[in-house]
Amino acid sequence: MSAAEKLEVIEGDITTLDVDAIVNAANQQLAPGGGVCGAIHSSAGPELAVECAKLGGCATGEACITKGYELPAKWIIHAVGPVWGGGESGEDRLLYKCYDASLKLAEESKLSSIAFPAISTGIYGFPAPRAAHIAVAAVLDYVRAAQEMGTPAPLKRIIFCCFGVESVQVHQAALAEHGHSH
Ligand code: APR
């Protein structure tokens, strides 16, 4: 299966996806918020905030995992994206790290499917086209590295769950730039 055959770009509400893990665009305190974080907490139910509170926070660029509670997804991987500050303070590298850390955590947890929102492109203000390029690059790098290692990567489905047509278009454009169309 080629790297890109594992990748899907869909439009929808990530809280409805029946996958092993959905990724939350979290904050460093792992506290409930607005945007996709708000939607995930309201769909998962109040136990999620209780488990998050026990984790003691998460650094920008890092990820941690909790149960999915009342979501269809079994797990939630909370990734903390960078706040956009103009692009000169390492935002690109930190966003890349979010995707890479989430994929590594999913692999460690032996998950076979994961769905990402467009991390940092809402309240955190990261330009969507630039973010989509970084997201696709990080995911393709991860999948290709696993293939080169010959390790049978457990992840069979990696989904970009986009909220709105514009977000779908920038992710499809980013994939096309990497020589894959979806
Ligand atoms: N499903 C999928 N994507 C969604 C959904 C949803 N239900 N709701 C929003 N999105 C999209 C937004 O349109 C945006 O493209 O998720 C992307 C990320 O936007 P935010 O949720 O605002 O996340 P982010 O920009 O990373 O800001 C994180 O916002 O909610 C707080 O607690 C969160 O402090 C953190 C900050």
Side-chain angles (χ1 to χ4, degrees), residues 7-46 48-66 68-87 89-103 105 113-136 138-139 157-175:
L7 273 57
E8 296 166 53
V9 180
I10 67 167
E11 182 185 359
D13 173 350
I14 201 166
T15 63
T16 66
L17 300 185
D18 183 4
V19 288
D20 286 346
I22 62 169
V23 176
N24 178 28
N27 52 58
Q28 290 180 338
Q29 297 74 32
L30 298 176
V36 69
C37 178
I40 288 171
H41 275 271
S42 60
S43 298
L48 174 57
V50 173
E51 183 176 359
C52 284
K54 289 178 189 152
L55 293 176
C58 181
T60 299
E62 301 298 326
C64 57
I65 192 165
T66 67
Y69 297 103
E70 292 157 48
L71 285 168
K74 296 180 194 65
W75 305 95
I76 306 164
I77 288 176
H78 303 264
V80 181
V83 177
W84 179 252
S89 41
E91 296 97 321
D92 290 1
R93 183 181 54 79
L94 286 166
L95 185 61
Y96 182 103
K97 275 188 68 182
C98 278
Y99 285 87
D100 191 54
S102 300
L103 291 163
L105 190 48
S113 57
I114 185 171
F116 286 99
I119 300 169
S120 283
T121 64
I123 293 165
Y124 281 1
F126 205 112
R130 185 179 178 133
H133 185 81
I134 292 165
V136 167
V139 169
R157 286 181 73 206
I158 301 171
I159 300 164
F160 294 106
C161 181
C162 303
F163 210 52
V165 175
E166 296 76 25
S167 186
V168 169
Q169 286 164 346
V170 294
H171 282 84
Q172 286 177 333
L175 263 177

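Whatever order the structure lists ligands and atoms in, that order sets their numbers, starting from 1. Along the sequence shown, residues are numbered consecutively beginning with 1.
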Residues forming a ring-ring contact (aromatic ring centres under 6.0 Å, His included) with His78, sequence neighbours excluded: none
Candidates Gly122, Pro117, Ala39, Pro82; heavy atom nearest atom 25 (O) of ligand 1 found on Gly122
Which protein non-hydrogen atom lies closest to atom 1 (N) of ligand 1, naming both residue and atom, and how far is it? Ile14 N, 2.9 Å
Scan Ile159, Val23, Leu17, Ile22 and name whichever one has a side-chain contact (heavy atoms from CB on, under 4.5 Å) with Ile114. Val23
Quick check against the 3.5 Å criterion: does Ser120 have a side-chain atom that pairs as donor or acceptor with the backbone of Pro82? yes
State if Gly34 counts as touching ligand 1 under the rule of any non-hydrogen atom under 4.0 Å. yes
Check: Ala39 main-chain N/O paired with Ser42 side-chain donor or acceptor under 3.5 Å: yes
Main-chain N/O of Ala101 paired to Glu62 side chain as donor or acceptor, under 3.5 Å: no
With His133 via ring-ring contact (aromatic ring centres under 6.0 Å, His included) - residues at least two apart: His178
Under 4.0 Å from one or more heavy atoms of Cys37, ligand 1 contributes atoms 30 (O), 32 (O), 33 (C)
How far is atom 29 (O) of ligand 1 from its nearest protein heavy atom, and which residue and atom is that? Ile123 CD1, 3.2 Å
Heavy-atom nearest neighbour of atom 18 (C) of ligand 1 within options Ala25, Gly35, Gly125, Ala118: Ala118
Backbone N/O of Cys37 and side chain of His41: donor-acceptor pair under 3.5 Å: no
Show which atoms of ligand 1 fall inside a sub-4.0 Å distance from at least one heavy-atom site of Thr121. 14 (C), 15 (O), 17 (C), 25 (O)
Identity and separation of the nearest protein heavy atom to atom 35 (C) of ligand 1: Tyr124 OH, 3.5 Å
Tell me: protein heavy atom nearest atom 16 (O) of ligand 1, and distance? Val36 CB, 3.9 Å
among protein heavy atoms, the one nearest atom 7 (N) of ligand 1 is Asp13 OD1, 3.0 Å
Is it true that Gly12 lies under 4.0 Å from ligand 1, counting heavy atoms only? yes
Can you spot which of Val139, Val170, Val136 makes a side-chain contact (heavy atoms from CB on, under 4.5 Å) with Leu175? Val136
Within the distance-only criterion (no hydrogens, no angle test), does the side chain of Glu91 pair as donor or acceptor with the backbone N or O of Gly85 below 3.5 angstrom? yes
At what distance is the nearest protein heavy atom to atom 32 (O) of ligand 1, and which residue and atom is it? Asn27 ND2, 2.8 Å
Residue and atom name of the nearest protein heavy atom (relative to atom 11 (C) of ligand 1), distance in Å to one decimal: Phe163 CB, 3.8 Å
Starting from atom 26 (O) of ligand 1, find the nearest protein heavy-atom neighbour and note its residue, name and distance. Ser120 N, 2.8 Å
